[in-house]
Amino acid sequence: MSSSSLVLMSGSKCTRLSGALVKQLLDSVDSVLFDCDGVIWRGDQAIPGASQVINLLKKNGKKVFFVTNNSTKTRKMYVDKLTMLGFNATEDEVFGTAYCSAVYLKTVCKLQGKVYLIGSDAMKQELEAVGVQQTGVGPDHISGKQADWANVPLDPEVKAVVVGFDEHFSYMKLNRAMQYLNQPGCVFVGTNRDTRLPLEGGKAVPGTGCLLQAVETAAQRQAQTVGKPNNFMFDCVASQFGVDRDRCLMVGDRLDTDIMLGSNCGLKTLLTLTGVSTLADADAHQKSGCAERQGMVPDYYVESIADLLPALQG
């Protein structure tokens, strides 16, 4: 029996993944995409059993990829963290928005020129790795009066503005981005639209989406985003590894990014409840009758990805 008929038999999406169904789902896929925070780790702690799940999937011949909207780490920084927490991983399996933005500028935009970067040193490194020079990383303090701000000196080689997470975001950066974006032909890219970064203990801090919306408001332009739930994130993986979307599973903890990406790209989707979204959230989307919100309803859910272990060990 195919897994698709199983989904039809159960009559709906958001099926609890357990028992024989786990093996049937895993047999139906060749590639698995994992979000990181809230899925395989929380902060600096691995989710119990997660490293065994990843390592056994690979041992069983599955391709495994790590897809994250975090733009503050290079691929190498991710591999260092994965390795430290017991995961077998290589740089080419990691797709963060720092790297994907660089690929997007190079392959889709065919950028000839520099980038004005509101972002991290990691983004600077990933841009430089594909041969794109940047200006803008670090604090940008304000001086002078409004007339000076409006006539701030601009680098004539800058042909794109890229917005990622920047702890030094400021009025002057917002102004500089706006002045660049007023120039004809200036490309505008954002890493992702997550408005909040959830932390342990129910706390949160503002996410990249807040910074991006500020720049969009000032520039009176919309950015093209590369992160989840935008298809580009999957296309980036698929183009390098020939992933068949019909035999691919997306595993995540956020309905609006991870599960939506899976829906947008025609992948099977699995929600894990160790992170941001809850079963009640998924249920509300399913009952909403709104077509767009249906894209945020996962095919399956588990309490933790450790629930996959018995099927992998058997």
Q183/L154 under side-chain contact (heavy atoms from CB on, under 4.5 Å): CA gap, chis, key distance, verdict: CA-CA 10 Å; Q183 299 182 317; L154 301 178; 3.6 Å; yes
If you round to the nearest 0.5 Å, how far is CG of L25 from CG of L17? 5.5 Å
Euclidean distance, F188 CZ relative to T225 OG1, rounded to 0.5 Å: 10.5 Å
For the side chain of D253 and the backbone of V39, is there at least one donor-acceptor N/O pair under 3.5 Å apart? no
Distance col, row N264:CG vs N231:CG, nearest 0.5 angstrom, shows 5.0 Å
Taking the side chain from T97 and the backbone from N69, do they hold a donor-acceptor pair closer than 3.5 Å? yes
If you look only at pairs with a residue in residues 88-98, which of them pass as a salt bridge (Lys or Arg N to Asp or Glu O under 4.0 Å), with sequence neighbours excluded? K58-E93
L270 side, atom CG; I305 side, atom CD1 - distance, nearest 0.5 Å: 9.0 Å
Taking NZ in K173 as the centre, count heavy atoms belonging to other residues, nucleotides or ligands within less than 6.0 Å. Is the count above 12? yes
Tell me if a side-chain donor or acceptor on E126 pairs with a main-chain N or O of R75 at a distance below 3.5 Å. yes
Does N55 offer a backbone N or O that forms a donor-acceptor pair with the side chain of N88 under 3.5 Å? no
Test side-chain contact (heavy atoms from CB on, under 4.5 Å) applied to N175 and I142, step by step: CA-CA 10 Å; N175 172 60; I142 202 146; over 6 Å; no
More than 12 non-hydrogen atoms from neighbouring residues, nucleotides or ligands closer than 6.0 Å to CZ on R16, yes or no? yes
Side chains of I47 and R42, heavy atoms from C-beta outward: is any pair under 4.5 Å? yes
Look only at the side chain of K62 and the backbone of L26, and say whether a donor-acceptor pair between them is shorter than 3.5 Å. yes
By ring-ring contact (aromatic ring centres under 6.0 Å, His included) - contacts of F169 (at least two apart): none
If the threshold is 4.0 Å, N to carboxylate O, is there a salt bridge linking K228 and D194? no
Atom CG of residue position D244 - does it have more than 12 heavy atoms of other residues, nucleotides or ligands inside 6.0 Å? yes
Is the closest basic N to carboxylate O distance between K63 and D30 below 4.0 Å? no
Charged N-O contact under 4.0 Å between D35 and R254: no
Does some side-chain heavy atom of F34 sit less than 4.5 Å from a side-chain heavy atom of L57? yes
Run F66 and Y78 through ring pair (Phe, Tyr, Trp, His ring centres under 6.0 Å) and show every step you take. CA-CA 9 Å; F66 305 93; Y78 259 97; 8.5 Å; no
